[in-house]
Participant: 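Take a look at the following structure, please.
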Amino acid sequence: MKVSDAVNSRKSIRAFLNTPIHTSLLINLLKIASRSPSGGNLQPWHIYLLNGNKMNDFKNFMKNWESPEKPQYDIYPSNLKEPYRTSRFDLGEAMYNLLDISRDNKAARFAHLMENFNFFGAPAALFCFVDETMGPPQWSDLGMFLQTFMLLAQEEGIDTCAQEAWAFKPESLREFFSVPEELNIFCGMAIGYQDTQAKVNKLHSDRRSPDTWLKIFE
Ligand SMILES: Cc1cc2nc3c(=O)[nH]c(=O)nc-3n(C[C@H](O)[C@H](O)[C@H](O)COP(=O)(O)O)c2cc1C
């Protein structure tokens with residue numbers, strides 16, 4: 001698969017089949033993803049891979065997910081400006097329209113959001129942690145790693161959904177995985193094979209036109 005095909009065909013999947021994936025395959029993709037660039041070659045990513053029986057244990061452990069925890073960070077700025085605000089709003093509307101969930105059906109919207117904590121049914125997942133001393137440049141390196149992994153997964157026919165939602169569950173993660181004090185969660189990722197029948201997977205997210213983010217000097 002060409003890189004451009006992987007980039008164009010990758011999308012976030014939010015309903016998975018329970019078809020298992022070999023851990024060895026995922027380890028191999030993670031090793032290749034570690035060729036991602038990072039400032040100063042710090043390679044600041046710490047990846048916890050979850051699969052097989054441990055995934056079942058984790059899902060049982062997370063049954064208590066409703067108890068609130070202090071989030072690791074604010075996922076969005078509190079007063080999201082334009083044009084970001086509209087992009088976020090449009091994504092939500094497009095997704096809930098596909099699912100036939102109306103704006104006032106808060107319970108159904110919440111239930112869908114909570115599916116994050118079931119990895120949307122995926123059989124495997126990863127968590128990306130970063131040392132507490134690292135700043136924005138290193139957090140951007142994490143993004144490099146994660147996108148490279150997602151594209152490699154795409155090449156293998158494996159679907160993914162990055163999940164910042166896990167920033168709401170730092171204490172649960174720390175307890176279950178005995179995460180050392182100095183590591184903070186950046187995000188999780190659901191990994192598996194998509195349920196092609198699921199309506200939510202028909203979502204094709206928009207992109208703003210380049211005039212909103214590109215200035216050309218030539
Ligand atoms: C770092 C990161 C975290 C994300 N967190 C979540 C999440 O918690 N839940 C979710 O459903 N989607 C999450 N997404 C998916 C985005 O909503 C998605 O990438 C965006 O809408 C563009 O759609 P696409 O990935 O299908 O191209 C996340 C994406 C990224 C890059």
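For this chain, numbers begin at 1 and follow the sequence in order. One-based numbering, in listed order, for ligands and for the atoms of each. These numbers were taken from a predicted model, which means no experiment stands behind them.
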Participant: Among Gln163, Arg10, Arg14, Glu115, whose heavy atom sits nearest atom 10 (C) of ligand 1?
Facilitator: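 It is Arg14 whose heavy atom sits nearest to atom 10 (C) of ligand 1.
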Participant: Parallel, tilted or perpendicular: which one describes the rings of Trp166 and Phe58, with boundaries at 30° and 60°?
Facilitator: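 Because their plane-to-plane angle lies in the 30° to 60° range, the rings of Trp166 and Phe58 count as tilted.
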Participant: Quick test of your reading of the structure: of Leu113, Ile13, Asn116, whose heavy atom lies closest to atom 9 (N) of ligand 1?
Facilitator: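 Result: the heavy atom closest to atom 9 (N) of ligand 1 is in Asn116.
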Participant: Looking only at heavy atoms, is any part of Arg207 under 4.0 Å from ligand 1, and if so is it the side chain, the backbone, or both, or is it neither?
Facilitator: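 Arg207 to ligand 1: side-chain contact only, backbone stays beyond 4.0 Å.
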Participant: Please check if the number of heavy atoms outside Asn18 that lie under 6.0 Å from its CG is greater than 12.
Facilitator: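 Result for CG/Asn18: open.
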Participant: Looking at Arg208 and Ser87, would you say the former's side chain and the latter's main chain have a donor-acceptor pair under 3.5 Å?
Facilitator: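 Such a contact is absent between Arg208 side chain and Ser87 backbone.
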Participant: Report, in ascending order of atom number, the atoms of ligand 1 lying under 4.0 Å from any heavy atom of Lys11.
Facilitator: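 Under 4.0 Å from Lys11, ligand 1 has these atoms: 26 (O).
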Participant: If we ignore angles and hydrogens, is there a donor and acceptor under 3.5 Å between the side chains of Arg88 and Thr86?
Facilitator: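 Absent: no donor and acceptor within the cut-off.
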Participant: Pick whichever of Ser205, Ala94, Gly143 has a heavy atom sitting closest to atom 23 (O) of ligand 1.
Facilitator: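 Nearest option to atom 23 (O) of ligand 1, by heavy atoms: Ser205.
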Participant: Look at atom OH of Tyr73 and say whether more than 12 heavy atoms of other residues, nucleotides or ligands are closer to it than 6.0 Å.
Facilitator: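 Yes, the 6.0 Å shell around OH holds more than 12 heavy atoms from other groups.
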Participant: Is the closest heavy-atom distance from Trp166 to ligand 1 below 4.0 Å?
Facilitator: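 No, Trp166 has no heavy atoms under 4.0 Å from ligand 1.
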Participant: I'd like to check whether Phe120 has a polar contact with ligand 1, where a contact means an N/O of the residue lying under 3.5 Å from an N/O of the ligand.
Facilitator: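 No, no N or O pair falls under 3.5 Å.
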Participant: At what distance is the nearest protein heavy atom to atom 25 (O) of ligand 1, and which residue and atom is it?
Facilitator: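 Result: Ser12 OG, 2.6 Å.
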Participant: Can you find a heavy atom in the side chain of Phe149 that is under 4.5 Å from one in the side chain of Gln154?
Facilitator: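 Phe149 vs Gln154: side chains apart.
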Participant: Could you walk me through whether Glu156 and Arg10 pass the salt bridge (charged side-chain N to carboxylate O under 4.0 Å, His left out) check?
Facilitator: CA-CA 11 Å; Glu156 281 294 329; Arg10 183 216 58 81; over 6 Å; no
Participant: Just let me know how Ala162 lines up against ligand 1, side chain, backbone, both or neither, with a heavy-atom cut-off below 4.0 Å.
Facilitator: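 Answer for Ala162: both.
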Participant: Lys54 versus Phe176: any side-chain heavy-atom pair under 4.5 Å?
Facilitator: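 SC-SC contact between Lys54 and Phe176 confirmed.
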Participant: Protein heavy atoms near atom 20 (C) of ligand 1, is at least one of them under 4.0 angstrom away?
Facilitator: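 No, there is no protein heavy atom closer to it than 4.0 Å.
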Participant: Is the contact between Phe168 and ligand 1 made by the side chain, the backbone, both, or neither, using heavy atoms and a 4.0 Å cut-off?
Facilitator: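 Under 4.0 Å from ligand 1, Phe168 contributes no heavy atoms.
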Participant: Atom 5 (N) of ligand 1: which protein heavy atom is closest, and how many Å away?
Facilitator: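 Its nearest protein heavy-atom neighbour is Glu164 N, 2.7 Å.
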Participant: Aromatic ring centroids of Phe186 and Phe129 under 6.0 Å?
Facilitator: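 No, they do not, as the ring centres are separated by 6.0 Å or more.
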Participant: Run the numbers for me: atoms of ligand 1, each under 4.0 Å from some heavy atom of Ala165, listed by number.
Facilitator: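 The atoms of ligand 1 under 4.0 Å from a heavy atom of Ala165 are 8 (O).
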